[in-house]
Q: 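One structure coming up, written as structure tokens, with questions to follow.
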2 protein chains.
Amino acid sequence: MSDGYDGYDPHAYEPFAVAADLAVFTVRSGSLHVLLIRRGQEPYAGAWALPGGFVLPRESAETAARRELAEETGLADEVVAALHLEQLRTYSEPDRDPRMRIVSVAFTALVPDLPEPAPDGGGDAAHARWVPVADAGELAFDHAAILADARSRIGAKLEYTCLATAFCPPEFTLGELQAVYETVWSTPLDRPNFRRKVLATPGFVEAVPGAARLTGGRGKPAALYKAGPATALHPPLLRPEGHRR
Amino acid sequence: MSDGYDGYDPHAYEPFAVAADLAVFTVRSGSLHVLLIRRGQEPYAGAWALPGGFVLPRESAETAARRELAEETGLADEVVAALHLEQLRTYSEPDRDPRMRIVSVAFTALVPDLPEPAPDGGGDAAHARWVPVADAGELAFDHAAILADARSRIGAKLEYTCLATAFCPPEFTLGELQAVYETVWSTPLDRPNFRRKVLATPGFVEAVPGAARLTGGRGKPAALYKAGPATALHPPLLRPEGHRR
DNA sequence: ACAAAAGTGTTCTGCCTACACCCATGT
DNA sequence: ACATGGGTGTAGGCAGAACACTTTTGT
């Protein structure tokens, strides 16, 4: 910070509020879904919005994001605490909220398709729903832009990180993992090559010895894997169009 | 934002201040430099810090970053307006500033080695200096962490974007461009392969017909190029260690 | 003549693509 | 038996790594 900081009076200006908003994604029945909240009051009453809320005086933005997520979705605290949250970007246009000056730090999170879907929780969670991103349409404030940024970020992240496993349950088949990629990228992938690529990357997935699962009833039972310790994917797993001219 | 936003009183809490801080890099005499400001007052009087300052009530964080950069470095307004600014991340730990709650949106910028170095400007610019990042050491507040994040970000960005040209003057040789990569990555690169890779990427650089420059006095004069319209680099130009196991 | 820097050519390796093929299970 | 999904093998192509070599300048 510059010398311009010194002598600043915190109360001289109309204060800023700082918020944390979340774009929480899951893959469910073949399409990418995002967690949205139905707004109860003006402005944008009745509109859908990303979950989020104000950063409290003794919180960091990330702590606030976790707290709001737990409050609004009824997810268990341990689940929320273990969640991989990633800062997306901060939105600070002066008129992004009609009421007052709000600077919002946006986060992205990826969760598996939860057995008890979040919206069934009590309290604030009553207005939370999983919505296919394709159907999200208009959202309150600038949340449609945040959602678009988050969407494109996770598409890119799948290329060079191991984050795709965050969309899967603790144990999953390679077919399920491939479906995550295909859903997020909206592109079919070659199964043999996908398989080799994933298994050739040390620490991406680890075999669960002896375990197998019948997928969809038909077909050969698939071996089960769990997420490995690796986070980066070298060399990357590129989208089919990614390296074509 | 959630329903938690409604009924919020802007004055109910100790207000937040929002700041924009900048990590401005340049390549100069074979090493990566960052623009730092010597603080005149407490806290951290006499310490080095990243340039930056408060976001004003009607500004976005990015606008504030440009304004502060112009004020503190004496760079021409056109130069600052044309600068490629990229949002790095927002730092919001409650105690990052001992005086009050300050949430800081950090930006990164890359500039060529300026003919008239920024620090020579008048006014606030008097305390600005280019410092080799290796010599930056301890900085005020959490700026050392911001600098480290910015450093690693630009290293990664060079791999898959055309940003390296931002470090070069309007016309440059491929040797100079390669020196940028080698300086930022601290790795020697193979000249023939680098050259082919850059020229094979459409829109990365464009030849300036007929022009040539003697570099260092000795050796064959090098052809000149200017930055092309491309921004992405597909496929990426990976660091030597990047895809080795 | 020699050093230094630009620029060209060539070989080798390894990954990625593609597609053909076998295996196990339910109906 | 056959459909369905899991899993293995293999040939071709393309890009990058490594390095030998030529060209043009200053001393």
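The sequence lines fix the lettering, A, B, ..., with proteins before strands; numbering per chain opens at 1.
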Q: Roughly, in whole Å, what's the span from CZ in B:Phe172 to C1' in C:dA6?
A: 16 Å
Q: Name all pairs fulfilling the salt bridge (Lys or Arg N to Asp or Glu O under 4.0 Å) condition that reach into residues 164-187 of chain B, sequence neighbours left out, sorted by first residue then second.
A: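 Qualifying pairs: B:Glu176-B:Arg213.
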Q: What ring-ring contact (aromatic ring centres under 6.0 Å, His included) pairs are there with at least one residue in residues 196-232 of chain B, not counting sequence neighbours?
A: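 Residue pairs with at least one partner in residues 196-232 of chain B: there are none.
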Q: Could you run down nucleotides 1-9 of chain D 5' to 3' and tag each one B, S or - for protein heavy-atom contact under 4.0 Å?
A: ---BBBBBB
Q: The criterion is side-chain hydrogen bond (donor to acceptor under 3.5 Å, both in side chains); which residues satisfy it with B:Ser60, sequence neighbours excluded?
A: B:Thr63
Q: With A:Trp48, which residues qualify under ring pair (Phe, Tyr, Trp, His ring centres under 6.0 Å), at least two apart?
A: none
Q: Side chains of B:Ser104 and B:Asp21: any donor to acceptor distance under 3.5 Å?
A: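 Judged by distance alone, the side chains do pair up.
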Q: Write down the distance between CG (B:Leu238) and C1' (C:dG14), rounded to a whole number of angstrom.
A: 14 Å
Q: Output one line per pair: protein atom, nucleotide atom from nucleotides 11-13 of chain D, and distance, for all N/O pairs under 3.5 Å.
A:
none

Q: So, does A:Arg66 use its side chain to make a donor-acceptor pair with the main chain of A:Leu83 at under 3.5 Å?
A: yes
Q: Is the shortest side-chain N/O distance from A:Lys197 to OP1 or OP2 of C:dC16 below 4.0 Å?
A: yes
Q: Taking A:Gln87 for its side chain and A:Val105 for its backbone only, find out whether a donor-acceptor pair lies under 3.5 Å.
A: no
Q: Whether A:Arg196 engages the ring of A:Phe194 as a cation-pi pair (distance to the six-membered ring centre under 6.0 angstrom, angle to the ring normal within 45°) should be assessed.
A: no
